Amino acid sequence: MLSRVANSIYWLGRYSERAENYARFIDVNFNLMLDLPQDLKEQWEPLIQATGDYPVFVNKYGLDFDRKNVIYFLAFDEDNPNSVLSSVTNARENARIIRENLSKETWEKLNETYLFVKEGKDKKIWKKEDPRAFFERVKSAILLLYGLADSTVARTEGWYFRQLGQFLERADKTSRMLDVKYHILLPSPQEVGSPLDFLHWMALLKSVTAFNTYRRLYGNIDPSSVVEFLVLNKYFPRSVFYCLKAAEECLFKISGSNGQGFSNSAEKAMGELRSRLEYDDVEDVIKSGLHEYLDDLQFKLNQISNHIDTNFFQIKDNFEHQINYQG
Amino acid sequence: MQITNYNIEGNYDEMYSADGSCRPHYEKFQAFLNKVPKRKLAQLQFSANKTQMAMGMTFNVYHDKQGVEKILHLDIIPRIIPSDEWQKVEAGLKQRIYALNLFLQDIYNEGKILKDKVIPSDLILKSKDYLKPCIGLTPPKNIWCHITGTDLVKDKDGEYYVLEDNLRCPSGVSYMLESREIIKRAHPDLFNTLGVRPVSDYPTKLLNMLQFLSDKSKPVIGVLTPGVYNSAYFEHSYLAQQMGVELVIGMDLMVKNKKVYMQTTKGLEKIDVLYRRIDDTFMDPMAFNPNSMLGVPGILEAYKAGNIAIANAPGTGVADDKAVYAYVPRIIKYYMDEEPILSNVPTYLCREEDDRKYVLENIEHLVVKETNAAGGYGMLIGPKADKEEHTKFRQLVKSNPDNYIAQPTLSLSTVPTITDNAIEGRHVDLRPYILYGEDIEVIPGALTRVALKKGSLVVNSSQGGGSKDTWVLY
């Protein structure tokens with residue numbers, strides 16, 4: 001497969017997943033806010049902190065973390081390179097570059113999703129009292145794309161590059177979703193473990209479609225169990241560990257190695273991080289501090305992405321400046 | 001919806017004769033139109049537009065965030081061509097392409113036609129499209145012009161005339177194919193009733209032709225595109241997808257030991273055949289334009305060494321120069337000893353005395369063009385210019401006759417077209433596609449471009465042109 005094509009497929013996977021997760025972010029905060037006692041102010045700042053878009057936001061809007069501002073910024077703002085609209089646009093742009101590698105249906109559905117999100121901007125969805133139906137549709141549209149791919153794409157190199165992008169992005173976003181809870185302030189320290197605190201954890205689980213599974217596996221809502229579930233669980237397809245394991249397998253399929261040790265620097269970095277999570281328990285996570293642990297995780301995920309880039313996408317170019325950087 | 005008050009306004013109309021009667025090959029379509037309510041017709045047109053947008057059948061896409069993606073308006077009333085009429089077009093195009101191919105081989109090698117003074121040598125040798133690095137070259141299987149999209153128009157007399165040969169990288173074939181898919185949804189029953197010849201196997205034929213150029217049983221083939229910001233990118237990726245071959249940009253390729261390789265995730269892979277969609281002089285910065293960012297340095301050396309086939313062959317462009325165009329009837333006669341089946345637009349070469357005399361006497365009725373200028377520069381449209389300009393051009397022609405040709409102003413035939421509130425005649429041209437591989441094959445379909453503005457003769461998409469599906473009947 002052409003290096004340039006592999007690069008675009010990888011980013012197609014990342015941007016689709018990013019768009020879906022940003023739709024989820026907005027959803028989780030909405031659910032959290034609905035359960036707040038009346039005298040408490042809505043908190044939208046934590047979302048901006050958790051997604052890592054804080055500097056871009058403050059630069060444009062100052063410290064006005066108003067709900068409409070934040071929803072606009074995360075969903076429709078083209079100055080925010082990670083917003084739903086930017087991500088869908090980038091996914092579509094990458095798809096357009098490699099359209100010859102996609103099925104007609106895949107391209108058309110992605111194109112429709114793009115047109116739908118753009119229309120959402122024209123309709124000023126962020127001004128709505130309850131915009132959740134819109135974000136629900138964004139999620140469905142992307143899940144439909146995954147379904148299409150699942151039943152139509154041949155399991156050859158391209159498939160694994162897309163999956164690789166998708167799982168790395170999901171690992172990052174699940175960790176950030178969990179971080180939202182860290183940034184949300186409770187009215188007082190006494191509220192830790194209060195009904196309000198539990199409501200928060202439940203809303204968080206629901207936003208990653210994990211609530212029912214969690215209930216079956218763990219029963220009671222308990223912060224450390226939620227952390228264990230979303231970071232270390234071996235079977236839940238949105239947990240960080242599961243995503244890393246799946247991404248690692250993609251790397252093995254791509255290089256054709258047997259999964260013993262590593263055959264390139266991307267596999268090495270991936271294997272190190274995966275095995276760390278494999279042998280950590282939730283006490284290790286809490287001990288190092290949840291936020292710090294997640295922060296480090298995100299840093300390492302970025303390094304892995306850089307290794308993937310060096311190993312597979314860098315080409316000995318005739319015209320170096322034509323290569324555009326994506327991030 | 002009945003077509004009423006349809007006025008052919010002195011043009012040749014493809015559906016109605018001068019006496020107002022429907023031409024036989026349109027009768028079944030007229031019966032269909034009469035039955036469809038006006039609102040339903042508008043609905044069909046609306047959903048055709050919608051489908052094009054959803055399919056991403058767009059052109060003119062810019063990098064800029066504000067960039068516009070436009071669709072080429074597709075009118076749902078087809079342009080229908082009866083079988084006997086098509087047979088002549090087909091025979092004429094085959095003859096023309098066959099002769100032009102012989103011509104190209106000749107002028108880059110022996111130059112017999114120049115020595116025999118059928119065509120003035122300086123006309124060819126001084127042309128900027130005559131590529132010196134290609135002299136002495138014989139391309140694989142002796143084919144120069146593999147893919148052609150000839151522009152034809154029909155004048156008031158109902159005869160086809162060749163307007164341009166388009167031997168370089170003619171575009172629009174994806175519109176022919178995708179428009180057909182959309183129109184099939186709009187008129188599902190009519191295809192059988194009328195007996196419309198299919199075009200959907202074009203990508204297969206194109207692939208077979210490209211495979212034929214290599215001696216390998218399974219050659220590696222690529223479509224070379226200038227990139228995603230090119231206005232025809234949709235077409236490039238569409239063709240690569242339909243053929244199941246790689247779509248490559250210059251950056252993906254490199255030349256080593258006079259062989260061309262693609263850079264893949266698993267290292268270098270040799271490529272055998274390239275369908276290039278970039279201009280001659282941008283193909284190789286080492287051989288032609290050193291500023292080209294789009295090409296592949298050294299590819300011409302690989303081509304000369306016979307390690308890669310390129311379609312169309314570099315150097316082909318010289319045969320569709322404006323002045324060379326005037327000689328095509330003589331080219332056909334010279335190589336084939338046949339009379340041309342399809343007419344040229346009568347062209348007066350000011351370098352020849354009789355022609356020059358005629359041009360000077362009739363300049364107010366003629367279009368005068370500079371031979372080596374493009375894009376409407378250095379042009380006089382006689383009927384629209386004033387006396388002062390006529391005088392100025394008479395002087396220009398006299399002082400530098402080699403530099404000018406003249407043609408009569410042509411009319412274009414019309415086809416009924418849906419407008420805001422009615423069905424009216426609009427002017428059309430015709431671009432059929434011809435593949436030259438083991439045989440020369442004319443695809444039984446075409447891109448019909450239509451000038452959507454009333455009375456306009458400009459069919460270009462950038463200036464209010466649209467398209468129609470073209471139905472060639474069995």
Side-chain angles (χ1 to χ4, degrees), chain A residues 1-10 78-79 81 85-86 89-90 92-116 118-119 156-158 160-161 164 251 254-256 264 308 311-324, chain B residues 50-58 61 63 65-67 69 178 181 203 222-223 225-229 233-256 261-269 271 284-286 292-299:
Chain A
M1 162 165 284
L2 290 175
S3 298
R4 179 179 55 84
V5 171
N7 188 20
S8 277
I9 293 187
Y10 172 78
E78 279 161 284
D79 293 337
L85 181 54
S86 296
T89 307
N90 287 331
R92 175 179 180 266
E93 206 48 30
N94 278 292
R96 213 160 73 79
I97 293 173
I98 50 151
R99 188 151 140 185
E100 77 285 0
N101 279 281
L102 303 176
S103 71
K104 186 176 157 76
E105 288 80 4
T106 306
W107 160 256
E108 288 186 11
K109 286 297 160 213
L110 181 56
N111 193 35
E112 279 171 23
T113 309
Y114 162 77
L115 295 171
F116 170 72
K118 239 175 73 142
E119 191 184 287
T156 52
E157 223 182 333
Y160 293 108
F161 271 111
L164 179 62
L251 281 178
I254 290 164
S255 70
N264 59 51
I308 292 171
N311 276 287
F312 302 109
F313 308 146
Q314 293 294 326
I315 55 182
K316 291 153 258 23
D317 48 298
N318 305 320
F319 311 111
E320 191 161 10
H321 54 278
Q322 282 193 354
I323 302 178
N324 43 8
Chain B
K50 267 282 213 222
T51 313
Q52 277 186 294
M53 203 64 198
M55 286 166 115
M57 243 177 104
T58 53
V61 191
H63 182 33
K65 272 192 216 158
Q66 319 302 326
E69 293 185 19
E178 291 280 73
E181 292 308 308
V223 176
T225 170
V228 69
Y229 304 121
Y233 185 77
F234 160 75
E235 175 157 310
H236 307 159
S237 65
Y238 177 83
L239 290 174
Q241 179 205 43
Q242 293 295 311
M243 291 192 289
V245 304
E246 297 293 347
L247 180 69
V248 295
I249 59 177
M251 200 176 85
D252 294 323
L253 303 178
M254 65 183 300
V255 178
K256 241 169 114 177
Y261 295 91
M262 302 189 288
Q263 309 199 56
T264 77
T265 52
K266 305 241 185 322
L268 299 179
E269 187 185 347
I271 187 163
D284 188 342
M286 278 158 81
S292 170
M293 300 289 202
L294 304 173
V296 188
I299 196 169

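Chain letters run A, B, ... following the sequence lines, proteins first, then strands; residues in each count from 1. As a basis for the values below, the full set of heavy atoms in this structure was taken, side chains included, without hydrogen atoms, waters or symmetry mates. From a predicted model like this one, the values you see are computed outputs, not experimental measurements.
Going from atom CG of Asn101(A) over to atom CD of Glu246(B) covers 6.5 Å, rounded to the nearest 0.5 Å. Note: Met1(A) CE to Met262(B) CE = 10.5 Å, rounded to the nearest 0.5 Å. Taken to the nearest 0.5 Å, the OG1 atom of Thr225(B) stands 11.0 Å off from the CD1 atom of Ile97(A).
By the 4.5 Å heavy-atom criterion applied to side chains, Arg99(A) and Leu247(B) are not counted as neighbours.
For the set Glu269(B), Met53(B), Met243(B), the entry with the most heavy-atom pairs within less than 4.5 Å of chain A is Met53(B).
A search for side chain to side chain donor-acceptor pair (under 3.5 Å) contacts involving Arg92(A) returns Asn111(A), Glu69(B), not counting sequence neighbours.
In this structure, chain A has no heavy atom under 4.5 Å from any part of Val223(B). The part of Glu112(A) that comes within reach of chain B is its side chain, from C-beta onward, which places non-hydrogen atoms under 4.5 angstrom from that chain. Residue Leu115(A) touches chain B through its side chain alone, counting heavy-atom pairs closer than 4.5 Å. For Tyr233(B), the part sitting under 4.5 Å from any heavy atom of chain A is the side chain, from C-beta outward, and nothing else. Neither the backbone nor the side chain of Thr89(A) comes within contact range of chain B, judged by heavy atoms closer than 4.5 Å. For a residue to count as touching a neighbouring chain, one of its non-hydrogen atoms must lie under 4.5 Å from one of that chain's; by this rule Lys104(A) touches chain B with backbone and side chain alike.
Heavy atoms of other residues, nucleotides or ligands lying less than 6.0 angstrom from NZ of Lys266(B) number more than 12.
Under a 3.5 Å cut-off, the side chain of Glu100(A) and the backbone N or O of Val245(B) do not form any donor-acceptor pair.
The shortest heavy-atom contact between Val248(B) and Arg4(A) is CA-NH2, 3.7 Å. Among all heavy-atom pairs drawn from Met55(B) and Trp107(A), the shortest one is O-NE1, 2.9 Å.
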